[in-house]
Enquirer: 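One structure, pasted below without further comment.
On a predicted model such as this, the values are computed, not experimentally measured, just so you know. All chains are named by letter (A, B, ...) in the order of the sequence lines, taking the proteins before the strands, and each is independently numbered beginning at 1.
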Amino acid sequence: MSEIEVFRPEPRAPRGFQDRRAADLALERDILAKVSRVYELFGFEALDTSAFEYADALGKFLPDSERPNEGVFALQDDDEQWMALRYDLTAPLARFAAQHAGLLTKPFRRYAYGPVWRNEKPGPGRFREFIQCDADTVGSARPEADAEIIALAVAGLEAAGLPKTAAVLKINNRKLLNGLLKRIGVDHDGQKLAVLRAVDKLDRLGVEGVKLLLGAGRRDESGAFTKGAELNANGIDAVLAYLGAGATGRSATLAKLADVVGGSEEGEAGLRDLDRIGTALTGLGVDEARAFFDPSVVRGLEYYTGAVFEAELVGEVRDAHGDLVRFGSIGGGGRYDDLVARFTGEVTPATGFSFGVSRLAAALKASGSATLPKVRGPVVVIAFSEADMGHYFTVAAELRQAGIPAEVYLGGSGMKAQMKYADRRLSPAVVLLGGDEIAAGTVTIKDLDLGRALSEGVESNEAWRAARPGQATVPRAELVAFVKRILEG
RNA sequence: GCCGCCUUAGCUCAGUUGGUUAGAGCGCCAGAUUGUGGCUCUGGAGGUCCUCAGUUCGAACCUGAGAGGUGGUACCA
């Protein structure tokens, strides 16, 4: 007989994809349930759209024939049309709103959550598939719509379990910087973009770093050189003055900003928007310490047209090794008035907020606001003998009928291993229905939690076994009631 | 994308100037204990030393290329 080489695939999830087990899922589902409830309280309705979109609907990351998968996962349908997995929930919403423009009652307020995919290099905490949760208002140009989104974001994060003091929402308006840039004579897009990128790095590089990036450029510790925006000295001073306008209260910040960006038409418009957002937030009861104006908030996305906001974790977070973890923002959003018009040609103002669900879960864990829930196993019915399997299943059915998770051990191991199995699964109890019990019309139930507690005081295995901690034999008819009592503690 | 560092058992890691059969702790399985989870003791399974090529009598160790991971940087819808 000849040896045939059998191909054995290596069992592994693709790079940047991950499996999630019960404990993680429980935490994420809990977050989604609580956030959904809050979003519905604000009058947002649920919407689910397809994972795939036609590539042209996703916007600027159009797959072209040479590099169809740049940034997105794309494939060509049998009618030759390019489809791509959505990379966020905003572009599909814009498509949906455009498609049903005539039928939607506006403003249309919807929330959505689900997986999104990005075909890019994964890193720690950065996956190619992750769950996003969005809430958006389509069809309202009022700054108050932005304010409501901000209030909803604050309420949602708190409902998810982030304590009031753990996160802040930083608010800004694109119009401020646009006005300022126009005034100092920056008009070509490349330079504008470079300024936005520089401003965005204030928290990481500090004023000095930003100053370099606004000017000639900056060389980092590794020696790599980043080209700057090449503003002149006046321009740099103006942008730094703008960045310096961050203050504690909302109205104080506005007053300072007015000094810097006032005088330009767009800047004035941005100030008016922010003022109205501030008024609405105060009315909504959103504390100035939790949602404030921060001129350094940019959000890289080019499609934002007005207000932008970012939710950030406050305080430092350390990992298991005690190393500082840079968490970045846990969510963000803003106003995008041109996205729907891409389809319809009609201006349809929209604003929204989104966050990554597992990232929020990680933030909750890191900030000590939540721990992974312990996933309890079912009540395990020990399988003693082949002949009595029917009895075991009757027990399992009775327990399930009473709403108690239960299973008959279906492995091939002996009793000791079955006890171990129940212990590992963190089962609350084990049901022993051996020949003795069946003959006597009784059932033995072992409270594993009680046993876990009692085991601390016992040293020898003999004593431990002789004591049969937490174990009781009761009439068969009392099985369900007895197990219930154990579960209730 | 660019720069640095790393890759040895399921996990965390040790491994002498390049020298026979590559180790530890934890975890896993079994026994001590024929119907009892913890503790303890005893035993066992588990390795293409990331891959390929080269140098060498001889490579986990040296050289080169590649892959994966990681930190920084760039980009980020």
Side-chain angles (χ1 to χ4, degrees), chain A residues 8 10-12 14-16 53 57-62 70-72 84 86-92 94 116-126 132 193-194 196-197 200-201 204-205 209 213 217-227 298-304 320-321 323-326 328-329 332-334 336 339 354 377 380 382-385 413-437 444-471 473:
Chain A
R8 302 245 179 246
E10 190 185 328
R12 74 239 194 269
R15 221 150 64 83
E53 292 283 345
L58 287 181
K60 70 172 214 181
F61 284 89
L62 266 185
E70 191 67 14
V72 299
R86 63 186 181 201
Y87 53 76
D88 70 8
L89 297 174
T90 310
V116 302
W117 295 266
R118 296 184 184 182
N119 190 4
E120 59 189 23
K121 189 185 156 192
R126 214 179 143 125
Q132 232 180 26
L193 205 59
L196 291 179
R197 282 181 192 143
D200 194 33
K201 295 191 173 83
R204 207 145 43 85
L205 305 179
L213 284 175
R218 173 179 176 271
R219 186 173 300 281
D220 63 48
E221 316 85 74
S222 76
F225 183 74
T226 310
K227 196 172 174 312
V298 171
R299 303 243 83 208
L301 325 187
E302 284 177 84
Y303 63 61
Y304 289 124
H321 299 287
D323 293 331
L324 212 57
V325 181
R326 179 168 290 145
S329 74
Y336 49 99
L339 227 49
S354 78
V380 172
I382 300 291
F384 286 94
S385 82
S413 302
M415 173 161 188
K416 190 181 161 75
Q418 296 187 40
M419 292 298 298
K420 201 175 235 178
Y421 171 82
D423 188 45
R424 297 275 156 81
R425 287 261 253 143
L426 224 64
S427 293
V430 151
V431 172
L432 300 114
L433 191 62
D436 299 347
E437 283 88 350
T444 298
I445 294 151
K446 193 178 178 85
D447 182 340
L448 294 181
D449 286 340
L450 187 58
R452 283 182 191 103
L454 292 175
S455 76
E456 286 166 28
V458 182
E459 262 119 63
S460 85
N461 187 264
E462 288 73 28
W464 162 248
R465 284 180 33 162
R468 300 267 154 101
Q471 187 169 320
T473 300

Enquirer: Quick one: do Arg452(A) and Asp449(A) make a salt bridge, cutoff under 4.0 Å?
Expert: yes
Enquirer: When you measure from the side chain of Met415(A), which nucleotide among rG35(B), rC2(B), rG37(B) comes out closest?
Expert: rG35(B)
Enquirer: With rounding to the closest Å, how many angstrom separate the P atoms on rA67(B) and rG27(B)?
Expert: 38 Å
Enquirer: Just name whichever nucleotide pairs with rU73(B), Watson-Crick or G-U, keeping both distances under 3.5 Å, else none.
Expert: rG1(B)
Enquirer: When rounded to the nearest Å, what value does the distance between C1' atoms of rC52(B) and rU70(B) take?
Expert: 23 Å
Enquirer: What's the spacing between Leu432(A) CG and Arg468(A) CZ if we round to 0.5 Å?
Expert: 9.0 Å
Enquirer: When the P atoms of rU51(B) and rU42(B) are compared, how many Å lie between them, rounded to an integer?
Expert: 35 Å
Enquirer: Measure from NZ on Lys121(A) to P on rG1(B) and round the result to the nearest Å.
Expert: 7 Å
Enquirer: Please check the phosphate of rG37(B) (OP1 and OP2 only) for any side-chain N or O of Lys416(A) closer than 4.0 Å.
Expert: yes
Enquirer: Ignoring hydrogens, what is the shortest heavy-atom contact between Leu58(A) and Ala91(A)? Give both atom names and the distance.
Expert: CD2-CB, 4.0 Å
Enquirer: Rounding to an integer number of Å, can you tell me how far Ile382(A) CD1 sits from rG37(B) P?
Expert: 10 Å
Enquirer: Work out how far the P atom of rG1(B) is from that of rC57(B), and round it to whole angstrom.
Expert: 40 Å
Enquirer: Taking the same atom, C1', in rG68(B) and in rC76(B), what whole-Å distance lies between them?
Expert: 23 Å
Enquirer: Are OP1 or OP2 of rA74(B) and a side-chain N or O of Arg197(A) less than 4.0 angstrom apart?
Expert: no
Enquirer: Could you give the distance separating rU12(B) and rG19(B) at their C1' atoms, to the nearest angstrom?
Expert: 29 Å
Enquirer: Can a side chain N or O of Arg15(A) be found less than 4.0 Å away from OP1 or OP2 on rG68(B)?
Expert: yes
Enquirer: Check the distance between rA32(B)'s P and Arg465(A)'s CZ and give it to me in whole angstrom.
Expert: 10 Å
Enquirer: Is there a Watson-Crick or G-U wobble partner for rC6(B) with both distances under 3.5 Å, and if so, which one is it?
Expert: rG68(B)
Enquirer: Give the nucleotide from the list rU70(B), rG38(B), rG35(B) with an atom nearest to the side chain of Asp436(A).
Expert: rG35(B)
Enquirer: Less than 3.5 Å between a donor and an acceptor, one on the side chain of Asn461(A) and one on the base of rU40(B), is that the case here?
Expert: no
Enquirer: Need to verify one output field. Residue with the more 5' nearest nucleotide on RNA chain B, Lys420(A) or Ser413(A)?
Expert: Ser413(A)
Enquirer: Please tell me which of the listed nucleotides, rG38(B), rU36(B), rU73(B), lies nearest to the side chain of Thr226(A)?
Expert: rU73(B)
Enquirer: Examine distances only and state if a side-chain atom of Gln418(A) and a backbone atom of Ala383(A) form a donor-acceptor pair shorter than 3.5 Å.
Expert: yes
Enquirer: Look only at the side chain of Arg118(A) and the backbone of Tyr87(A), and say whether a donor-acceptor pair between them is shorter than 3.5 Å.
Expert: yes
Enquirer: Between rU21(B) and rA30(B), how far is it from one C1' atom to the other, in whole Å?
Expert: 25 Å
Enquirer: For a quick check of understanding: with a heavy-atom distance under 4.0 Å over all strands, which category does Glu437(A) fall into, base, sugar-phosphate or nothing?
Expert: base
Enquirer: What is the base-pairing partner of rA59(B), counting Watson-Crick and G-U wobble geometry with both distances under 3.5 Å?
Expert: none
Enquirer: Considering every strand shown, what is the Watson-Crick or G-U wobble mate of rC41(B) when both distances are under 3.5 Å?
Expert: rG31(B)
Enquirer: Across the strands shown, which category fits Gly435(A) at heavy-atom distances under 4.0 angstrom: base, sugar-phosphate, nothing?
Expert: base
Enquirer: Taking all heavy atoms of Val380(A) and all of Ser427(A), pick out the closest pair and write down the distance.
Expert: CG2-OG, 3.6 Å
Enquirer: Could you give the NZ-to-C1' distance, from Lys201(A) to rC76(B), as a whole number of Å?
Expert: 11 Å
Enquirer: Ignoring backbone atoms, test whether Arg425(A) places a side-chain nitrogen or oxygen under 4.0 Å from the OP1 or OP2 oxygen of rG37(B).
Expert: no
Enquirer: May I ask you to verify if any side-chain N or O of Arg218(A) is less than 4.0 angstrom from the OP1 or OP2 atom of rG72(B)?
Expert: no
Enquirer: Give a yes/no on whether any side-chain N or O of Arg126(A) is located under 4.0 angstrom from OP1 or OP2 of rC75(B).
Expert: no
Enquirer: Does the rU36(B) base have a donor-acceptor partner in the side chain of Gln418(A) within less than 3.5 Å?
Expert: no
Enquirer: Rounded to the nearest 0.5 Å, how far does CZ of Arg299(A) lie from CG of Asp200(A)?
Expert: 8.5 Å
Enquirer: Measure OH/Tyr421(A) against C1'/rU36(B) and give the value in whole Å, please.
Expert: 17 Å
Enquirer: So, does the side chain of Asp423(A) form a donor-acceptor pair with the base of rG38(B) at under 3.5 Å?
Expert: no
Enquirer: Using atom C1' in both nucleotides, what's the gap between rU17(B) and rC13(B) to the nearest angstrom?
Expert: 23 Å
